[in-house]
Participant: 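I am attaching a structure below and will ask some questions about it afterwards.
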Amino acid sequence: MTAVDPVFVRDGPLLDWFGNVFDALTWIIPVGSLGGGLPHTSMTPIRLSGHLLDPATTLDEVDRIWARVVLSSRDPATGPRMRLVALGLALPGLMGWRAKVRPYDPVQRADLDADLAHGFLRRLAVIDPTATNLPGRLLDTATAAAGRRLTVHLTRPTPTESVQLSAPLPDQSDAPRQALYEAAEQMRASGNRLAATDVELIAATRLDGHRLADAARALGIAVPAAYKRRQRAEARLAAHLTDVNATARPEAAAATATRPPAAIPAQRAPEPTPAPSAPSAS
């Protein structure tokens, strides 16, 4: 095995296409190359996966093979390929767990797949190779981490489905939102109109805290397009606010300079103290 390996990049959720890539790998794992006489015969990665899933393969042998895979994944000479092999060997378990969760939305499924792979590879780098049930431990870590992130995502507020900005009445208690809509209205009046969808995109992601992918889906925009649209809209909004502030400062300074001084009320003279009266003759 060499340290320089191809990089596989495909469109869509990782687990949807990684299985085909893994099945097509022609790398040969030579007999005995994993140490301890393992594997018993030279195998491609997909054949090794089948061997591990074979009911005739003992749990002890499964653990010994996985222990060698773990160690090989940390060797600079074999690490890149063996990490790829390890993820492929774990694919049946990862796919089985994802099938129970059933994230039908492609964006959600892509996030979940990335979390599964991330959690698996992080544990692969630190797991004790002498432990028992190595594949089960690795899968438990990956699915637990991905499950936690999925739960957080599913409990977030749903972004608004509306894409219209037909003179909304902003919530007077929401100062940032009110300022955004006022600025958008000023730009429209000056002929520098922002698209209603762009204003809603800024509000959903910057003020409501929704992820860009969620807001884009609710507004019917592709995620790359939404990112560019928000970037351009925010740049135009910032330029507008800069111009407004630059115009307001000289006017405020001039108003201050020409304002007449406040009248100072004259101090009242103290009233004279009455002279003491002469003592009366008794």
Side-chain angles (χ1 to χ4, degrees), residues 1-10 13-102 109 112-150:
M1 296 182 182
T2 62
V4 179
D5 294 282
V7 176
F8 300 100
V9 180
R10 299 285 176 88
L14 173 65
L15 300 189
D16 285 356
W17 55 261
F18 182 74
N20 291 334
V21 171
F22 181 75
D23 293 350
L25 292 178
T26 57
W27 303 334
I28 297 298
I29 303 172
V31 57
S33 62
L34 296 179
L38 300 171
H40 301 302
T41 62
S42 297
M43 297 182 178
T44 58
I46 187 60
R47 282 193 61 196
L48 180 61
S49 176
H51 179 67
L52 291 172
L53 295 174
D54 189 337
T57 305
T58 65
L59 296 179
D60 177 67
E61 184 176 350
V62 169
D63 268 340
R64 287 194 295 128
I65 290 176
W66 266 101
R68 296 296 180 173
V69 169
V70 168
L71 292 173
S72 297
S73 71
R74 301 173 187 175
D75 186 328
T78 58
R81 283 193 174 187
M82 290 309 293
R83 285 191 290 273
L84 194 63
V85 168
L87 186 60
L89 296 178
L91 194 59
L94 297 174
M95 291 287 287
W97 181 83
R98 197 187 73 169
K100 296 177 183 178
V101 179
R102 296 190 298 178
R109 193 163 66 244
L112 187 66
D113 287 1
D115 291 335
L116 285 170
H118 179 70
F120 176 84
L121 293 174
R122 283 193 63 181
R123 185 66 189 279
L124 184 70
V126 298
I127 195 169
D128 180 3
T130 64
T132 58
N133 190 24
L134 285 170
R137 293 172 186 268
L138 289 166
L139 288 172
D140 285 346
T141 298
T143 56
R148 285 194 298 269
R149 288 179 61 87
L150 179 63

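Starting from 1, each residue takes its place in the sequence as its number.
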Participant: So how far is it from Trp17 CH2 to Asp113 CG, rounded to the nearest 0.5 Å?
Facilitator: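 The distance works out to 10.0 Å.
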Participant: Got a second to check how far Ile65's CD1 is from Ile29's CD1, nearest 0.5 Å?
Facilitator: 9.0 Å
Participant: Report the distance from atom NE2 of His40 to atom CG of Leu34, rounding to the nearest 0.5 Å.
Facilitator: 10.5 Å
Participant: Between the side chain of Ser72 and the main-chain N/O of Thr78, is any donor-acceptor distance below 3.5 Å?
Facilitator: no
Participant: Under the side-chain hydrogen bond (donor to acceptor under 3.5 Å, both in side chains) test, which residues partner Arg83, sequence neighbours left out?
Facilitator: none
Participant: Can you see which heavy atom on Ala117 is nearest to which on Leu14, and at what distance?
Facilitator: CB-CD2, 3.6 Å
Participant: Would you name the heavy atoms of Phe120 and Ala90 that are closest together and state the gap between them?
Facilitator: CE1-CB, 3.5 Å
Participant: Looking at Arg47 and Ser42, what are the two nearest heavy atoms and their distance?
Facilitator: NH1-O, 3.6 Å
Participant: Does Arg98 form a side chain to side chain contact (heavy atoms under 4.5 Å, CB included) with Asp16? I'd like the steps, not just the answer.
Facilitator: CA-CA 11 Å; Arg98 197 187 73 169; Asp16 285 356; 2.7 Å; yes
Participant: Rounded at 0.5 Å granularity, tell me how far CG in Leu134 sits from CG in Leu59.
Facilitator: 12.0 Å
Participant: Can you give me the closest heavy-atom contact between Leu89 and Pro45, atom names plus distance?
Facilitator: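 Residues Leu89 and Pro45, closest heavy atoms: CD2-O, 4.1 Å.
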Participant: Could you tell me whether the side chain of Thr141 and the main chain of Arg137 form a donor-acceptor pair under 3.5 Å?
Facilitator: yes
Participant: Give, for atom CG of Leu25 and atom CD1 of Ile46, the distance between the pair rounded to the nearest 0.5 Å.
Facilitator: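 Between atom CG of Leu25 and atom CD1 of Ile46 there are 9.0 Å.
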Participant: Side chains of Leu112 and Leu15: closer than 4.5 Å at any heavy-atom pair?
Facilitator: no
Participant: Considering the options Asp128, Val126, Ile127, which one meets the side chain to side chain contact (heavy atoms under 4.5 Å, CB included) requirement together with Val70?
Facilitator: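 It is Ile127; the other options fail the test.
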Participant: Verify side chain to side chain contact (heavy atoms under 4.5 Å, CB included) between Trp66 and Asn133, making sure each step is shown before the conclusion.
Facilitator: CA-CA 9 Å; Trp66 266 101; Asn133 190 24; over 6 Å; no
Participant: To check you understand the geometry: which heavy-atom pair defines the closest contact between Gly36 and Arg64, and what is its length?
Facilitator: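 Smallest heavy-atom distance, with atoms named: O-NH1, 4.0 Å.
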Participant: Whether the side chain of Thr44 engages the backbone of Thr26 through a donor-acceptor N/O pair (distance < 3.5 Å, no angle test) should be reported.
Facilitator: no
Participant: Return the set of residues passing salt bridge (charged side-chain N to carboxylate O under 4.0 Å, His left out) with Asp75 (not counting sequence neighbours), or none when no residue passes.
Facilitator: none
Participant: To the closest 0.5 Å, what do you measure between CZ (Phe18) and CG (Leu84)?
Facilitator: 4.0 Å
Participant: How far apart are the closest heavy atoms of Pro129 and Ala67, and which atoms are they?
Facilitator: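 Scanning both residues, the minimum pair turns out to be O-CB, 3.3 Å.
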Participant: What do you reckon, is CZ of Arg122 surrounded by more than 12 foreign heavy atoms closer than 6.0 Å?
Facilitator: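 No, the 6.0 Å shell around CZ holds no more than 12 heavy atoms from other groups.
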Participant: Does the Asp115 side chain pair with the main chain of Ala145, one donor and one acceptor, at a distance under 3.5 Å?
Facilitator: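 Judged by distance alone, no pair lies under 3.5 Å.
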